[in-house]
Protein chains: 4
Amino acid sequence: MVKPIDSSIKDEKLIQQRREELQKGAVSLFKQKGFHRATTREIAKAAGFSIGTLYEYIRKKEDVLFLVCDAIYDEVKARMEAFFETQETSEHTLHQAVKSYFELMDDMQDEVLVLYQELKALPKDAQEYVLDKEKEMLQLLERVIQNSYPDLSDHQLTIIANNIFIQGQMWGFRRWILQKEFTLAQYTNLQFELLKSQLELTRGG
Amino acid sequence: MVKPIDSSIKDEKLIQQRREELQKGAVSLFKQKGFHRATTREIAKAAGFSIGTLYEYIRKKEDVLFLVCDAIYDEVKARMEAFFETQETSEHTLHQAVKSYFELMDDMQDEVLVLYQELKALPKDAQEYVLDKEKEMLQLLERVIQNSYPDLSDHQLTIIANNIFIQGQMWGFRRWILQKEFTLAQYTNLQFELLKSQLELTRGG
Amino acid sequence: MVKPIDSSIKDEKLIQQRREELQKGAVSLFKQKGFHRATTREIAKAAGFSIGTLYEYIRKKEDVLFLVCDAIYDEVKARMEAFFETQETSEHTLHQAVKSYFELMDDMQDEVLVLYQELKALPKDAQEYVLDKEKEMLQLLERVIQNSYPDLSDHQLTIIANNIFIQGQMWGFRRWILQKEFTLAQYTNLQFELLKSQLELTRGG
Amino acid sequence: MVKPIDSSIKDEKLIQQRREELQKGAVSLFKQKGFHRATTREIAKAAGFSIGTLYEYIRKKEDVLFLVCDAIYDEVKARMEAFFETQETSEHTLHQAVKSYFELMDDMQDEVLVLYQELKALPKDAQEYVLDKEKEMLQLLERVIQNSYPDLSDHQLTIIANNIFIQGQMWGFRRWILQKEFTLAQYTNLQFELLKSQLELTRGG
DNA sequence: CATGAATGAGCCTTCATTCAT
DNA sequence: GATGAATGAAGGCTCATTCAT
């Protein structure tokens with residue numbers, strides 16, 4: 001799907017390239033100061049071009065935020081797909097998937113923090129567009145779980161996927177408490193142990 | 001601890017009253033537009049006084065946010081204490097506590113959303129002051145869990161308390177997905193079932 | 001002459017007393033921050049009463065400035081009259097008068113600085129009223145000079161009186177240069193030497 | 001020395017040009033209302049640009065005042081140097097110098113008034129920077145005097161230079177009295193006569 | 001008479017956006 | 001296509017002044 005942002009530039013390839021530069025610079029800027037405190041001048045500078053050029057590739061400051069959120073989601077999703085796409089159906093697979101997902105969340109914690117903290121600054125329609133991507137990710141997770149535990153009810157599947165999903169995000173969001181008490185490995189193992197006890201019981205039931 | 005915000009007003013009781021009005025108006029405003037998009041004039045209006053009067057009770061716009069966050073935390077904590085403070089140590093108690101907590105989070109979902117979404121707009125020291133209150137709430141939760149399941153390790157206790165804590169918050173945060181699929185009662189029951197299976201296993205182990 | 005400032009207070013004696021308190025506090029405040037930077041609240045506080053009470057004795061902030069300027073002039077003039085009122089007509093008298101005047105300017109340098117630096121903030125009519133007092137002081141000086149040197153032309157008298165007058169003020173105004181190089185005694189003696197050489201020549205001419 | 005004021009404009013030449021426009025407009029505005037009463041919008045308008053543009057060339061309102069003071073000093077000094085730089089050492093030269101200086105002060109009386117009345121509104125460091133320029137001017141005067149009257153003591157030189165300096169300024173400052181009684185030529189001649197009598201005597205002594 | 005809470009006009013400053021070069 | 005100077009709406013905040021108690 002093409003990004004629904006107008007540009008006065010004709011060269012499609014150039015647009016892609018510039019928007020990538022833009023998005024890269026903007027993320028690191030938003031990490032530091034958040035979207036609202038970052039000025040368009042700073043955004044342009046961080047992206048390596050002039051304020052005038054910035055406005056050749058976007059129409060409003062909000063568009064930058066959309067570009068950023070979109071890019072983060074795309075990266076998260078791409079990396080999730082990379083390690084979720086597997087045929088095996090074993091506990092080991094799920095363990096591996098959860099581990100990989102938590103590592104991804106650890107790796108991208110700043111980006112994910114930006115994503116959720118600035119989401120509300122997007123216009124409603126952009127929010128929905130972006131949240132749809134999140135649903136797709138949840139489905140990825142659900143599928144992996146179902147592969148190993150096919151007997152779970154829909155509700156159970158939904159809620160467990162959601163729990164795993166947010167537990168990964170919380171590792172970054174609540175770093176002020178979690179990362180003071182646990183290493184990532186500890187956190188992953190503990191969460192997986194708990195998860196397993198839930199799933200085992202369900203399977204048994 | 002007294003709110004560390006200067007005021008040019010001498011009547012201490014009036015300060016309390018006005019700040020409460022202020023905080024009430026501000027929360028409902030921040031729910032709609034967020035802190036950054038709300039102007040000081042709007043804040044004053046929402047609180048029912050003039051811009052001049054607003055600045056008799058705060059020094060900077062930021063102070064309003066602090067007042068708001070502080071008040072939300074205080075209310076959440078007070079209400080948690082109200083139903084957590086119990087002597088019984090049974091599963092039933094824990095169930096009741098989780099249920100009450102989830103209901104609280106349902107009741108205050110807008111406030112809690114504001115709280116976490118604007119926290120980063122506070123100055124660093126105010127953030128820390130506020131996060132300390134969160135730690136106290138976690139301890140409340142831990143204590144309730146421990147009463148019923150005294151054999152849990154510290155790590156298990158921490159992580160389970162955290163999980164419950166954020167699952168409550170997520171009911172509001174992720175309403176776009178959870179509240180579409182579940183009623184609050186369903187969500188509570190499902191989460192508690194999962195929780196119980198974890199705890200039972202641990203107890204058994 | 002009564003100060004042409006309205007007051008809602010009836011008791012004349014109280015008005016005098018309050019205005020004196022006001023003026024005393026204001027001068028010391030204006031010394032520090034100047035008229036524009038001083039707020040009415042600070043003025044009231046410096047005078048020892050509330051902002052409400054302040055406005056019982058003045059109508060506008062400007063009135064405070066007028067009161068202050070007026071009081072400074074009155075004090076300067078009163079003290080000048082005290083040592084200028086003499087019947088003797090000798091060089092010694094003039095020397096003494098200049099010396100006393102310079103000492104007065106040294107003593108009141110902060111006040112005089114305030115006076116001249118804020119004069120332009122007064123309304124035109126108040127400025128004129130105040131400058132009339134300055135003319136009277138110049139006349140005092142002229143009379144003392146003329147007593148000793150009766151042959152001076154009107155122009156000479158005017159200009160010499162003016163020169164002495166401003167040389168006294170400059171001791172305070174240009175303290176950053178004069179008071180670094182001279183003691184008050186040195187400055188006085190040097191200026192008087194120069195003055196005498198002018199006057200002697202004129203007398204001889 | 002470069003003006004130590006930041007600007008977001010890159011074109012150095014444009015900065016010079018705009019700041020000159022700014023300074024010209026501001027002086028004439030400050031003449032009328034003084035620095036404090038002039039709003040930034042008025043300053044921008046007087047300079048011929050918008051409020052936004054104003055702030056591309058300065059950072060704070062104070063900077064305008066600095067620009068103005070600095071420019072006035074520079075002009076005064078440049079014009080003084082123009083007629084003081086002479087090799088001859090005669091009374092005639094000194095007379096000419098004093099005459100030219102008084103004419104300069106007459107010509108720039110509004111600017112000089114602004115300069116001294118608003119100096120205290122500058123930050124301390126800017127005040128010192130500006131007063132240093134004044135010292136240089138005094139030295140110019142001292143040198144001219146010394147050329148004609150090499151036997152004067154340091155103290156005499158300092159005080160006579162100071163006297164001349166302020167007598168020039170007073171022509172403008174005290175116009176309400178001096179310019180009512182004298183023409184500039186009269187004032188100049190009278191002051192020079194007095195000065196000469198001082199100097200002659202000293203030479204003779 | 002004294003007090004101080006309330007008011008709002010108006011100030012300084014920022015920054016998203018435009019457009020001539 | 002790129003640049004950056006120009007713009008002005010809008011925001012945060014102050015403070016002289018009023019008036020009910």
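By convention in this document, chain letters (A, B, ...) are assigned in the order of the sequence lines, proteins followed by strands, and residues within each chain are numbered from 1. All heavy atoms count here, side chains included; hydrogens, waters and symmetry mates do not.
Toward the 5' end of DNA chain F, the nearer of the two residues A:Glu56 and B:Glu56, judged by each one's closest nucleotide, is A:Glu56. Residue order along DNA chain E, read from the 5' end via each residue's closest nucleotide, puts B:Ser8 first among B:Ser8 and A:Arg37. Nearest-nucleotide mapping onto DNA chain E: of A:His36 and B:Ile9, the residue sitting toward the 5' end is B:Ile9. Toward the 5' end of DNA chain F, the nearer of the two residues D:Asp11 and B:Tyr55, judged by each one's closest nucleotide, is D:Asp11.
Rounded to whole angstrom, the span from the CZ atom of C:Phe35 across to the C1' atom of F:dA16 amounts to 10 Å. Note: NZ (B:Lys61) to C1' (F:dC13) measures 12 Å, nearest angstrom. To the nearest angstrom, C1' of F:dG4 lies 10 Å from CG of D:Leu14. Rounded to whole Å, atom P of F:dG4 lies 18 Å from atom CD1 of A:Ile43.
Within 4.0 Å (heavy atoms only), B:Ala44 reaches no atom of the nucleic acid at all. Base contact: C:Thr40 has a heavy atom under 4.0 Å from a base atom. Looking at heavy-atom distances under 4.0 Å, A:Arg18 makes contact with sugar-phosphate atoms alone, never a base.
Between B:Arg18 and B:Glu56 there is no salt bridge, since no side-chain nitrogen of the basic residue lies less than 4.0 Å from a carboxylate oxygen of the acidic one. Salt bridge absent: D:Glu128 and D:Lys124 never bring a charged side-chain N and a carboxylate O closer than 4.0 Å.
Taking a heavy-atom distance under 4.0 Å as the criterion, the stretch of DNA chain E touched by chain C extends 5' to 3' from E:dC1 to E:dA6.
Checked against the 6.0 Å centroid criterion, the rings of B:Tyr116 and A:Tyr116 do not qualify as a close aromatic pair.
Shortest non-hydrogen contact noted between B:Gln117 and B:Lys120 is O-NZ, 3.6 Å. Nearest heavy-atom pair across A:Arg19 and A:Ser7 is NH2-CB, 3.7 Å.
Distance from the side chain of B:Lys60 is smallest for F:dC13 among the nucleotides F:dC13, F:dA2, F:dA16.
Of the residues listed (B:Gln32, B:Arg37, B:Lys33), the one engaging B:Glu42 in a side chain to side chain contact (heavy atoms under 4.5 Å, CB included) is B:Lys33, and it is the only one. For the side chain to side chain contact (heavy atoms under 4.5 Å, CB included) criterion with B:Leu65, the lone passing option out of B:Leu119, B:Leu122, B:Leu115, B:Ile58 is B:Leu122.
When atom types are taken as modelled, the side chain of B:Arg41 and the backbone of B:Ile51 share no donor-acceptor pair closer than 3.5 angstrom.
Annotation: C:Lys45, atom NZ; neighbour count of heavy atoms from other residues, nucleotides and ligands within 6.0 Å does not exceed 12. Within a 6.0 Å radius of NZ in D:Lys60, no more than 12 heavy atoms belonging to other residues, nucleotides or ligands are found.
Side-chain to base pairing of B:Arg41 with F:dG11: no donor and acceptor N or O lie closer than 3.5 Å to each other.
Between the side chains of C:Glu20 and C:Gln16, no donor-acceptor pair of N or O atoms lies under 3.5 Å.
If you check residues 46-54 of chain B against DNA chain E, the residues with a heavy atom closer than 4.0 Å are B:Phe49, B:Ser50, B:Ile51, B:Gly52, B:Thr53, listed by number.
For A:Lys61 and A:Phe35, the positive end sits near the middle of the six-membered ring, less than 6.0 Å away and at most 45° from its axis.
For the helix from E:dA2-F:dT21 to E:dT21-F:dA2, the angle separating the two terminal helix axes comes to 0°, with each axis derived from five pairs and the value rounded to 10°.
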